[in-house]
Amino acid sequence: MKRVLVVVLALAAAVVSGCGTGGRESIVDKDRLVIGVRSDLPSIGFRTQGGGFEGFDVDVARYIAGKLGKQVSFIPVLAADREKVLTSGPADMVLATYTISQDRKARVLFAGPYHISYQDILIRPDETIRNVRDLKGRRICEVKGANAAQRVVEERGVAAQVVPFDDYPTCVKALKNRQVDAVTTNDVILAGLAAQDGGGLRLANAQFNEQRTGVGLRKDDVEGCEAVNRAITDMYQDGTASRLLHKWFGKSGLNLNTIAVPQFEGCS
């Protein structure tokens, strides 16, 4: 009878444990991590001709994986795929310009942020847009799965016309072809796009809406989130964050004078 009771209790403990973790391992328990990164953003996450990935987010992902003692493989994700690859797909983590917001936090757990930037506006050389209010009545690109254009309309109350496209390179083409008047998102993304294009596209230096870029994790992986936060803290304290920011954005004109550990969201 005692033997039967022990077996029953062991099975019950396994069920409870499975419920607590959603049936999937924490990232701290894995030998190899699958990390989703952008493949379409120069200086952030970009696919090379050899099929690899490079950029600031990619280097940060490698650093975090190294601190956790894990091997790593990368998969490409676009803005619209970030949540899906975490909740029902193969990714253990996502570092893909994933801005932390309240609605996203309802479905995804965020470690970090690992970088603080600001929303800005990418315009043609001959354009007169200087600030977010100048977007009134203008056509602005919206990348599917991103929220930057909607933040202009909803949070800033600017009556702009939002025009959807699949990704940022397509937005840049639309800007140059005068299908839209501006592209708005994180300043680091826009700086990378402008540098790659080389055609005189420029940032308006409007700097509005703080953008807190975090590491996306499964909602239940609190242990993994805490481990990632420790790695991000180390990244800032040992000088790696400053080195990577200057490596990828040192010639972009972005303000890199003050680089400090961001205030974390918390993992609960």
Side-chain angles (χ1 to χ4, degrees), residues 20-22 24-39 41 43-46 52-77 81-83 85-87 89-101 104-105 107-117 186 188-189 192 210-250 254 256 258-268:
T21 63
R24 295 174 66 180
E25 290 180 291
S26 168
I27 60 170
V28 300
D29 298 320
K30 295 190 170 187
D31 295 324
R32 174 178 290 274
L33 300 180
V34 178
I35 302 180
V37 294
R38 297 296 289 264
S39 61
L41 297 179
S43 300
I44 303 285
F46 194 76
F53 296 89
E54 65 177 21
F56 176 70
D57 281 2
V58 179
D59 282 351
V60 171
R62 287 197 177 100
Y63 179 91
I64 291 172
K67 276 290 180 178
L68 297 181
K70 312 299 182 184
Q71 299 179 51
V72 62
S73 58
F74 295 107
I75 59 171
V77 294
D81 302 326
R82 292 175 295 199
E83 181 180 320
V85 298
L86 281 171
T87 58
D92 300 301
M93 295 196 303
V94 168
L95 285 88
T97 62
Y98 211 174
T99 303
I100 300 168
S101 65
R104 288 172 176 169
K105 286 171 68 175
R107 300 179 296 275
V108 171
L109 184 61
F110 282 101
Y114 60 90
H115 181 59
I116 304 294
S117 60
N186 296 20
V188 290
I189 295 177
E210 183 180 82
Q211 305 287 294
R212 297 170 60 80
T213 306
V215 179
L217 297 159
R218 293 191 321 278
K219 185 68 175 172
D220 60 334
D221 195 1
V222 174
E223 185 180 7
C225 176
E226 292 171 344
V228 171
N229 279 348
R230 289 191 292 271
I232 294 171
T233 299
D234 289 344
M235 183 178 73
Y236 276 85
Q237 292 180 341
D238 68 16
T240 300
S242 177
R243 179 176 61 80
L244 294 180
L245 286 166
H246 281 89
K247 171 185 175 181
W248 292 108
F249 309 115
L254 297 177
L256 299 176
T258 303
I259 299 174
V261 183
Q263 182 177 351
F264 294 153
E265 291 289 309
C267 293
S268 57

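The first residue in the sequence is number 1, and the count goes up from there.
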Query raised in the report: Do Arg218 side-chain atoms and Glu25 backbone N/O form a donor-acceptor pair below 3.5 Å?
Result: yes

Query raised in the report: What are the two closest heavy atoms between Leu109 and Cys267, and how far apart are they?
Result: CD1-O, 3.6 Å

Query raised in the report: Do Asp221 side-chain atoms and Ser26 backbone N/O form a donor-acceptor pair below 3.5 Å?
Result: no

Report summary line: The salt bridge (charged side-chain N to carboxylate O under 4.0 Å, His left out) partners of Glu83 (sequence neighbours excluded) come to Arg107

**Report entry** Inter-residue atom distance Cys225.SG - Met93.CE, 0.5 Å rounding
**Finding:** 11.0 Å

Query - Side chain to side chain, Ile35 and Ile64, heavy atoms closer than 4.5 Å - result: no

**Report entry** Heavy-atom side-chain proximity of Val228 to Ile27 below 4.5 angstrom
**Finding:** yes

Query raised in the report: Which pairs count as side-chain hydrogen bond (donor to acceptor under 3.5 Å, both in side chains) when at least one residue sits in residues 59-73, sequence neighbours excluded?
Result: Arg32-Gln71, Asp59-Lys247, Asp59-Trp248, Tyr63-Asp238

Query raised in the report: What distance do Thr87 atom OG1 and Lys219 atom NZ have between them, rounded to the nearest 0.5 Å?
Result: 12.5 Å

Query - Arg82 side-chain N/O to Val94 backbone N/O, donor-acceptor pair under 3.5 Å - result: no

Requested in this report: State, with a plain yes or no, whether a side-chain heavy atom of Phe249 is found less than 4.5 Å away from one of Ile44.
Outcome: yes

Report summary line: One should read off an interatomic distance between Leu217 CG and Leu86 CG, to the nearest 0.5 angstrom, of 7.0 Å

Query raised in the report: Step by step, would you call Gln211 with Thr97 a side chain to side chain contact (heavy atoms under 4.5 Å, CB included)?
Result: CA-CA 9 Å; Gln211 305 287 294; Thr97 62; over 6 Å; no

Report summary line: Tyr114 meets the side chain to side chain donor-acceptor pair (under 3.5 Å) criterion, sequence neighbours left out, with Asp57

